[in-house]
2 protein chains.
Amino acid sequence: MTATGGTSQSDGGTERISDAEYAVMEALWKRSPQTAAEVCDTVCEERGWTMPTVKTLLARLVAKGALETQPDGRRFLYTPLIERRAYVGTESKRLVERLFGGRAAPLFAHLAENEALTDEDIAEIERLLRELKK
Amino acid sequence: MTATGGTSQSDGGTERISDAEYAVMEALWKRSPQTAAEVCDTVCEERGWTMPTVKTLLARLVAKGALETQPDGRRFLYTPLIERRAYVGTESKRLVERLFGGRAAPLFAHLAENEALTDEDIAEIERLLRELKK
DNA sequence: GCGTAATGACTACATCTGTAGTCTGAACCT
DNA sequence: AGGTTCAGACTACAGATGTAGTCATTACGC
């Protein structure tokens, strides 16, 4: 289960989560279970969507195995079946594989060159490097 | 001009370069100008494509403004109009924006946690950090 | 000069994605 | 019990993407 493409990832599926679907997942990673209406309250204004869109995306995510449903009266409560950290890790690695031949340092170099690193980032990365060397 | 999505990037277009298109761009970043046949020699076996596929992708990239053509007899020589480093930088930043709220350190943390960093990567990152602090 | 082959132009079709509309039935409310 | 509303199920459609086929023209080779 990965986003936006066609590479095999997990759970026997070849689907990825698209950008729009990801927005829905984010809402549910932040707080779940939620109903479709609640998800819409969270994302519709910000994304300019209406309920039909959210319902479609939810249904697709269920079909992809990314969400599970619990009946709650006449509606469903939606819950993620994949962890955000897993998804984020997969997407990160995919980018590194695709654009940097699997090596993280060139990615880092690009971010550094484009001033995408704050002082805080740098401090934190240094800390992580120290831990890595243990 | 960015890949796989719908966000505005440069040259007045809203198109992104898809995965398949990216493979074609990679061939031309490595060596250009090239004819369609030459590109196919480079990518067709590895990707399991045939000439019509390559020709379509080339035409789409031209339409997207990512490639330019020089007539050479009855065929074109294709040349990238965007630099690999620009594209790679854009995609890197996009991932960071999308999944990490614009902060690079969490991305780094994810890669580190998933053992995506080699000793060489670490050494190189440390070197880059030293330069950044100058 | 003639025949051939290469290649761009154009088309095809399936799938995915983005966004939304319609309908029906059952839960909900009075 | 009856009326209403909500939400899932289903549909729609456009654009993007992946992969490939067909055709016509002209460059190329002999």
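Protein chains get the first letters and strands the later ones, always in sequence-line order, with residue 1 at the start of each.
The environment of A/Gln70 atom CD is dense: over 12 non-hydrogen atoms of other residues, nucleotides or ligands sit within 6.0 angstrom.
Residue pairs meeting the disulfide bond (SG atoms under 2.5 Å apart) criterion with at least one member in residues 47-108 of chain A, sequence neighbours excluded, do not occur. Listed by first then second residue, pairs satisfying disulfide bond (SG atoms under 2.5 Å apart) with a partner in residues 18-57 of chain B read B/Cys40-B/Cys44, not counting sequence neighbours. Listed by first and then second residue, the disulfide bond (SG atoms under 2.5 Å apart) pairs involving residues 46-94 of chain B amount to none (not counting sequence neighbours). Applying the disulfide bond (SG atoms under 2.5 Å apart) test to residues at least two apart or on different chains, none of the pairs has a partner in residues 49-84 of chain B.
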Output one line per pair: protein atom, nucleotide atom from nucleotides 18-22 of chain C, and distance, for all N/O pairs under 3.5 Å.
from   : atom 1 : to      : atom 2 : distance (Å)
C/dG18 : OP1    : A/Asp19 : N      : 3.4
C/dG18 : OP1    : A/Ala20 : N      : 3.3
C/dG18 : OP2    : A/Ser18 : OG     : 2.2
C/dG18 : N7     : A/Arg60 : NH1    : 2.8
C/dG18 : N7     : A/Arg60 : NH2    : 3.4
C/dG18 : O6     : A/Arg60 : NH2    : 3.2
C/dT19 : OP2    : A/Trp49 : NE1    : 2.8
C/dT19 : O4     : A/Arg60 : NH2    : 3.2
C/dA20 : OP2    : A/Thr50 : N      : 3.1
C/dA20 : OP2    : A/Thr53 : OG1    : 2.7
C/dA20 : N7     : A/Thr56 : OG1    : 3.4
C/dA20 : N6     : A/Thr56 : OG1    : 2.5

Taking N or O atoms only and anything under 3.5 Å, show me the protein contacts with nucleotides 1-4 of chain C, one pair per line.
none

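Residues passing the side chain to side chain contact (heavy atoms under 4.5 Å, CB included) test with A/Arg84 are A/Tyr22, A/Glu26, A/Trp29, A/Val88, sequence neighbours excluded. For B/Asp119, there are no salt bridge (Lys or Arg N to Asp or Glu O under 4.0 Å) partners at least two apart in sequence or on another chain. For the side-chain hydrogen bond (donor to acceptor under 3.5 Å, both in side chains) test, residues two or more places apart in sequence or in another chain that qualify with B/Glu131 are B/Arg127. By the side chain to side chain contact (heavy atoms under 4.5 Å, CB included) test, A/Ala105 pairs with A/Arg103, B/Asp121, B/Glu124, B/Ile125, sequence neighbours left out.
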Evaluate the side-chain contact (heavy atoms from CB on, under 4.5 Å) criterion for residues B/Leu107 and A/Leu111: first the C-alpha distance (whole Å), next the side-chain angles of each, then the deciding distance (0.1 Å), finally the verdict. CA-CA 11 Å; B/Leu107 166 61; A/Leu111 293 175; 3.9 Å; yes

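With rounding to whole Å, B/Asp72 atom CG is found 11 Å from D/dA27 atom C1'. When the P atom of C/dC10 is taken as reference, atom CE of B/Met51 falls 17 Å away, rounded to whole Å. One can place CZ of A/Arg75 at 8 Å from P of C/dC28, the figure rounded to the nearest angstrom. Separating the CZ atom of B/Phe76 from the C1' atom of C/dA6 is a distance of 13 Å, rounded to the nearest angstrom. The CG atom of B/Leu58 sits 15 Å away from the P atom of D/dT17 (whole-angstrom rounding). If you take CD of B/Glu38 and P of C/dG8, they are 11 Å apart, rounded to a whole angstrom.
Atom-to-atom distance recorded for A/Leu58:CG and A/Thr35:OG1 is 9.0 Å, nearest 0.5 angstrom.
In this structure the side chain of A/Tyr78 never reaches within 4.5 angstrom of the side chain of A/Pro33, judged on heavy atoms.
Residues of residues 28-37 of chain B that place a heavy atom closer than 4.0 Å to DNA chain C, in numerical order, are B/Ala36, B/Ala37.
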Counting Watson-Crick and G-U wobble pairs with both distances under 3.5 Å, what is the dot-bracket string for DNA chain D, 5' to 3', using [ ] for crossing pairs and | for pairs to another strand? ||||||||||||||||||||||||||||||

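B/Asp19 and B/Arg47 are not joined by a salt bridge, as no carboxylate oxygen comes within less than 4.0 angstrom of a charged side-chain nitrogen.
In this structure, B/Tyr78 does not reach the C/dT7 phosphate: none of its side-chain N or O atoms is under 4.0 Å from OP1 or OP2.
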